[in-house]
2 protein chains.
Amino acid sequence: MDVTKRPGGRSARVRDAVRQATLAELAEHGFRGLTVENVAERSGVHKTTVYRRWGNVEGLIADALELAAHEPWPVPDTGTVEGDLRGVVELVRSGFEDPELGPVSSAFVAAAMQSPEAARALHAFFEARHDQSAQVVRRGVERGELPVTVDAREVVRVAVAPVYYRLFVAHEPVSREDAGRAADAALAAARAGVL
Amino acid sequence: MDVTKRPGGRSARVRDAVRQATLAELAEHGFRGLTVENVAERSGVHKTTVYRRWGNVEGLIADALELAAHEPWPVPDTGTVEGDLRGVVELVRSGFEDPELGPVSSAFVAAAMQSPEAARALHAFFEARHDQSAQVVRRGVERGELPVTVDAREVVRVAVAPVYYRLFVAHEPVSREDAGRAADAALAAARAGVL
DNA sequence: ATCCAAAGACAACTCCAGTTGCGTTAATTT
DNA sequence: AAATTAACGCAACTGGAGTTGTCTTTGGAT
């Protein structure tokens with residue numbers, strides 16, 4: 001989705017307007033209620049333009065996802081791996097509870113399940129997130145809290161996985177305690193040398 | 001979706017035909033390619049009938065899901081918790097690789113993200129699955145392999161979560177080794193007393 | 001055996017997501 | 001600053017998902 005020929009000016013403005021409109025529509029009506037026409041109307045861009053450049057709803061989401069992937073996110077630094085990893089998982093959990101971010105994030109996950117394009121974008125997003133979050137594990141290793149053999153990214157995956165599993169697969173509520181327990185479990189496994 | 005007034009005869013035949021057709025269409029074209037019209041044609045039931053009884057695509061999936069929830073599934077019994085839990089997770093993983101079951105299972109997860117009705121059905125499905133799978137953990141406790149304080153269902157959740165997370169959220173491939181490691185991690189946490 | 005009501009079949013219709021062809025605007029090139 | 005052309009806007013069109021009204025079938029009761 002990189003614009004090569006005419007990056008500046010009108011094209012860029014159109015793209016920004018559509019991206020903004022996509023996020024706004026997503027926050028309001030979720031993935032189900034996202035239509036190309038609504039995004040077009042909201043952005044002030046004609047619907048044929050949107051169809052030609054983004055193809056369909058999944059394309060819109062994939063593009064908006066790239067935007068989100070580049071936003072840095074606040075990795076905790078409490079002084080201990082336990083505090084940091086718990087912080088990371090809790091950050092994920094509370095993000096989905098947020099009335100603003102929640103629907104948008106959920107929409108990303110839903111869209112990626114139906115569109116290879118969105119799936120690739122989401123994959124890249126999580127690659128970046130895993131890298132950033134793995135930092136808390138690496139710091140723990142440096143402090144001697146964890147064995148040097150740990151796979152930092154894998155610890156992060158195992159820590160956050162139960163939150164996503166509950167939310168999007170089993171459709172169970174996820175409490176603060178659930179999130180903390182998931183972080184602790186990943187940590188216990190890391191300490192035991194299995195991750 | 002329980003039929004009270006006219007359970008036997010034509011209504012039951014129609015329901016079975018539609019359920020079968022839904023599963024077949026799902027296996028062939030996935031969730032994206034599932035349309036009410038195709039299911040109607042394949043089942044030999046008129047499309048208006050399908051619309052009136054199932055409402056939409058999500059309704060079809062929710063109904064098919066109930067069918068799947070009642071099918072028993074082979075809980076491993078290898079003699080050790082480690083072997084059993086690894087078996088459970090590997091069963092989940094390989095299920096999604098199966099060219100027949102994979103698309104259907106994926107469709108269930110995708111549908112549940114967009115339809116409260118399908119979400120409820122999937123929730124019930126996993127409740128049942130967790131109960132059945134927790135058996136391997138409870139046996140482990142009886143053998144003295146795990147502390148009596150463990151939450152058997154939670155161990156199962158933490159064990160299988162990384163597989164679903166990789167598949168449906170991060171969109172990474174899931175190897176046999178990844179599945180085994182996830183099971184081991186849950187077990188290590190359980191032994192450490194955090195689950 | 002007859003009757004009744006619930007469920008299904010059928011055809012015609014509506015509506016809106018997505019498409020197409022063409023004219024217009026504006027960003028870039030020379 | 002004139003020319004070029006990619007990108008956008010516009011209006012009309014298409015197709016198919018979903019709806020509605022009505023008639024027919026059939027399961028079950030009397």
Side-chain angles (χ1 to χ4, degrees), chain A residues 1-22 24-26 28-64 107 110-111 114-118, chain B residues 1-22 24-26 28-64 107 110-111 114-118:
Chain A
M1 188 120 303
D2 42 3
V3 182
T4 46
K5 287 296 180 60
R6 296 204 172 178
R10 185 166 60 163
S11 295
R13 279 197 302 278
V14 164
R15 187 179 183 187
D16 284 347
V18 169
R19 274 175 158 181
Q20 283 302 113
T22 300
E25 283 289 317
L26 234 37
E28 275 183 29
H29 312 297
F31 176 61
R32 299 201 69 191
L34 187 74
T35 70
V36 175
E37 296 217 357
N38 288 347
V39 170
E41 193 178 0
R42 178 169 217 141
S43 64
V45 174
H46 205 267
K47 75 166 182 170
T48 49
T49 300
V50 180
Y51 272 115
R52 279 202 252 258
R53 282 191 57 178
W54 285 270
N56 50 32
V57 172
E58 282 84 24
L60 286 170
I61 291 184
D63 189 35
Q114 292 174 56
S115 149
E117 191 184 356
Chain B
M1 191 121 300
D2 44 1
V3 183
T4 45
K5 288 297 181 58
R6 295 207 172 175
R10 184 165 61 163
S11 294
R13 279 198 302 277
V14 164
R15 187 178 184 188
D16 284 346
V18 170
R19 275 175 158 181
Q20 283 301 114
T22 300
E25 283 289 317
L26 234 38
E28 273 182 30
H29 311 300
F31 176 60
R32 300 202 68 190
L34 188 73
T35 71
V36 175
E37 296 217 358
N38 287 346
V39 170
E41 193 178 1
R42 178 168 215 142
S43 64
V45 175
H46 202 88
K47 75 166 181 170
T48 49
T49 299
V50 179
Y51 273 113
R52 279 203 248 259
R53 283 192 56 177
W54 285 270
N56 51 30
V57 172
E58 282 84 26
L60 286 170
I61 291 184
D63 189 35
Q114 294 174 54
S115 150
E117 191 184 354

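Protein chains get the first letters and strands the later ones, always in sequence-line order, with residue 1 at the start of each. Side chains included, hydrogens not; waters and symmetry mates left out as well; all remaining heavy atoms used.
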**Student:** In whole angstrom, what separates B/Glu41's CD from C/dA9's C1'?
**Tutor:** 15 Å

**Student:** Using a cut-off of strictly less than 4.0 Å, decide whether A/Arg13 has a side-chain nitrogen or oxygen near OP1 or OP2 of C/dA27.
**Tutor:** yes

**Student:** Measure the CZ-OG1 distance between B/Arg42 and B/Thr35 for me, rounded to the nearest 0.5 Å.
**Tutor:** 11.0 Å

**Student:** Can you tell me how far P of C/dT20 sits from NZ of A/Lys47, to the nearest Å?
**Tutor:**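 In whole Å, C/dT20 P and A/Lys47 NZ are 13 Å from each other.
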
**Student:** Pick the nucleotide of DNA chain C nearest each of A/Glu37 and B/Thr49; which residue has the one closer to the 5' end?
**Tutor:**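 Per heavy-atom nearest nucleotide, the more 5' residue is B/Thr49.
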
**Student:** Rounded off to whole Å, could you give me the CH2-to-P distance for the B/Trp54 and D/dA17 pair?
**Tutor:**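 Those two atoms, CH2 and P, are 18 Å apart.
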
**Student:** Taking CG from A/Leu34 and P from C/dC16, how many angstroms apart are they, rounded to a whole number?
**Tutor:**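 In whole Å, C/dC16 P and A/Leu34 CG are 17 Å from each other.
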
**Student:** Give a yes or no on whether a donor-acceptor pair under 3.5 Å exists between the nucleobase atoms of D/dC8, that is its base, and the side chain of A/Thr48.
**Tutor:**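 Result: no qualifying N/O pair found.
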
**Student:** Within less than 4.0 Å of OP1 or OP2 of D/dT19, is there a side-chain N or O belonging to B/Tyr51?
**Tutor:**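 Checking B/Tyr51 against D/dT19: no side-chain N or O falls below 4.0 Å of OP1 or OP2.
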
**Student:** Are any non-hydrogen side-chain atoms of B/Ile61 and B/Leu34 less than 4.5 angstrom apart?
**Tutor:** yes

**Student:** So, OP1 or OP2 of D/dC8: does either fall under 4.0 Å of a side-chain N or O from A/His46?
**Tutor:**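 No, because none of the side-chain N or O atoms of A/His46 sits under 4.0 Å from OP1 or OP2 of D/dC8.
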
**Student:** Whether the side chain of A/Ser43 engages the backbone of A/Val39 through a donor-acceptor N/O pair (distance < 3.5 Å, no angle test) should be reported.
**Tutor:** yes

**Student:** Are side-chain heavy atoms of A/Val57 and A/Val36 found at a separation under 4.5 Å?
**Tutor:**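 A/Val57 vs A/Val36: side chains touch.
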
**Student:** Answer yes or no: does a side-chain N or O of B/Arg53 lie under 4.0 Å from OP1 or OP2 of C/dG8?
**Tutor:** yes

**Student:** Send over the distance from A/Asn56 CG to C/dC16 C1', rounded to a whole Å.
**Tutor:**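 A/Asn56 atom CG is separated from C/dC16 atom C1' by 16 Å.
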
**Student:** Going by modelled atom types, is there a donor-acceptor pair between the base of D/dG21 and the side chain of B/Arg52 at under 3.5 Å?
**Tutor:**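 Check passes, donor-acceptor contact within cut-off.
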
